[in-house]
Amino acid sequence: MALETRRDVFQAIADPTRRQIIQLVSNDPMNLNSIAEKFDVSRPAISQHIKILIECGIVEIEKRGRERYCKIQSSSLIPAFMWMEHLQKQWKDKIDSFESYVNKLQSKNKIRKK
């Protein structure tokens, strides 16, 4: 019995090429050829990246006649945004605390020099 590969949004955004594809289709759907033309890799390689984005629910394919267009499903990116926002707040608090500490040290040094 083969193991099923589960993909999530973090696997999708871990790769720079997939992040670029997400960026490309974030405003308007693009057909597969138009996306592939933007990269210096083979069309099958881009198709594989798009397949992963589809499996993660970030991109969906919309058929228009004979063309297949990739369009973004931005709600699938919400877990990543929430996680990054949480980390941003943690780091902001740590940086603010460090800045306050440095300011206190500088104030003490100024008093000692007088």
Side-chain angles (χ1 to χ4, degrees):
M1 185 166 120
L3 290 175
E4 183 178 318
T5 303
R6 269 196 91 150
R7 301 192 189 272
D8 66 15
V9 66
F10 297 101
Q11 287 176 308
I13 64 175
D15 185 275
T17 301
R18 289 193 288 270
R19 288 194 303 267
Q20 288 177 315
I21 293 170
I22 292 167
Q23 183 69 37
L24 284 171
V25 300
S26 65
N27 293 325
D28 291 313
M30 292 179 70
N31 70 30
L32 298 174
N33 287 329
S34 296
I35 294 169
E37 289 172 358
K38 305 282 185 188
F39 297 91
D40 288 332
V41 296
S42 68
R43 187 166 190 268
I46 295 300
S47 292
Q48 184 61 35
H49 284 296
I50 291 171
K51 178 183 174 193
I52 292 168
L53 292 171
I54 291 167
E55 289 173 2
C56 296
I58 295 173
V59 166
E60 83 174 8
I61 299 294
E62 178 182 297
K63 289 186 179 182
R64 295 182 190 170
R66 294 188 333 184
E67 291 288 329
R68 295 175 55 199
Y69 285 79
C70 295
K71 71 179 200 177
I72 195 84
Q73 295 299 310
S74 55
S75 62
S76 296
L77 293 168
I78 291 172
F81 289 135
M82 290 174 63
W83 181 72
M84 287 185 276
E85 184 177 15
H86 174 72
L87 286 179
Q88 179 185 8
K89 182 181 177 348
Q90 277 184 333
W91 278 102
K92 183 182 179 321
D93 292 347
K94 288 177 183 183
I95 290 169
D96 289 348
S97 176
F98 181 70
E99 182 181 22
S100 177
Y101 174 74
V102 169
N103 288 337
K104 284 180 187 176
L105 286 177
Q106 288 176 340
S107 294
K108 287 181 182 179
N109 285 339
K110 287 180 183 177
I111 292 171
R112 287 183 189 161
K113 289 182 180 181
K114 286 185 181 183

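The structure presented is a predicted model; accordingly, all values stated were derived computationally and were not measured.
- The closest side-chain heavy-atom distance from C70 to I21 is not below 4.5 Å.
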| message | Test side chain to side chain contact (heavy atoms under 4.5 Å, CB included) on L32 and R43; report intermediate values, then the result. | response | CA-CA 8 Å; L32 298 174; R43 187 166 190 268; 3.1 Å; yes
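- Under a hydrophobic-cluster definition in which Ile, Leu, Val, Met, Phe, Trp and Tyr are linked whenever side-chain heavy atoms come within less than 4.5 Å, directly or via other members, I72 and I35 are assigned to the same cluster.
- In this structure K92 satisfies the side chain to side chain donor-acceptor pair (under 3.5 Å) test together with D96, sequence neighbours excluded.
- Taking E85 as the reference, nothing meets the side chain to side chain contact (heavy atoms under 4.5 Å, CB included) condition, with sequence neighbours excluded.
- With hydrophobic clusters built from ILVMFWY side chains whose heavy atoms lie under 4.5 angstrom apart, L24 shares a cluster with I22.
- Atom CD of Q23 has 12 or fewer heavy atoms from other residues, nucleotides or ligands within 6.0 Å.
- Partners of D93 under the salt bridge (charged side-chain N to carboxylate O under 4.0 Å, His left out) rule, at least two apart in sequence or in another chain, are K89.
- Counting heavy atoms from C-beta on, the side chains of R18 and C56 never come closer than 4.5 Å.
- In this structure, the separation between OG on S100 and CG on L105 is 10.0 Å, given to the nearest 0.5 Å.
- Under the rule for a side chain to side chain donor-acceptor pair (under 3.5 Å), the partners of S34 that lie at least two apart in sequence or sit in another chain are N31.
- For S42, the side chain to side chain contact (heavy atoms under 4.5 Å, CB included) test picks out P44, A45, with sequence neighbours left out.
- S76 is listed as a side-chain neighbour of I58, based on a closest heavy-atom distance under 4.5 Å.
- Applying the side chain to side chain contact (heavy atoms under 4.5 Å, CB included) test to L87 and every residue at least two apart in sequence or in another chain returns W83, Q90.
- H49 is not listed as a side-chain neighbour of K51, based on a closest heavy-atom distance of 4.5 Å or more.
- For the atom pair I50 CD1 and T17 OG1, the distance stands at 11.0 Å (nearest 0.5 Å).
- When every heavy atom of K71 is checked against every heavy atom of P29, the shortest pair comes out as CB-CG, 3.8 Å.
- Applying the side chain to side chain donor-acceptor pair (under 3.5 Å) rule to R19 yields no partners; only residues at least two apart in sequence or on another chain are considered.
- Residues meeting the salt bridge (charged side-chain N to carboxylate O under 4.0 Å, His left out) test with K38, sequence neighbours left out: none.
- Residues passing the salt bridge (charged side-chain N to carboxylate O under 4.0 Å, His left out) test with R66: none are found, sequence neighbours excluded.
- E37 meets the salt bridge (charged side-chain N to carboxylate O under 4.0 Å, His left out) test with no other residue; sequence neighbours excluded.
- Residue pairs meeting the salt bridge (charged side-chain N to carboxylate O under 4.0 Å, His left out) criterion with at least one partner in residues 24-36, sequence neighbours excluded, are absent.
- Not counting sequence neighbours, D40 has no partner by the side chain to side chain contact (heavy atoms under 4.5 Å, CB included) test.
- Between the side chain of R68 and the backbone N or O of I61, no donor-acceptor pair lies under 3.5 Å.
- Residues I54 and Y69 are members of separate hydrophobic clusters, defined by side-chain heavy-atom contacts under 4.5 angstrom among Ile, Leu, Val, Met, Phe, Trp and Tyr.
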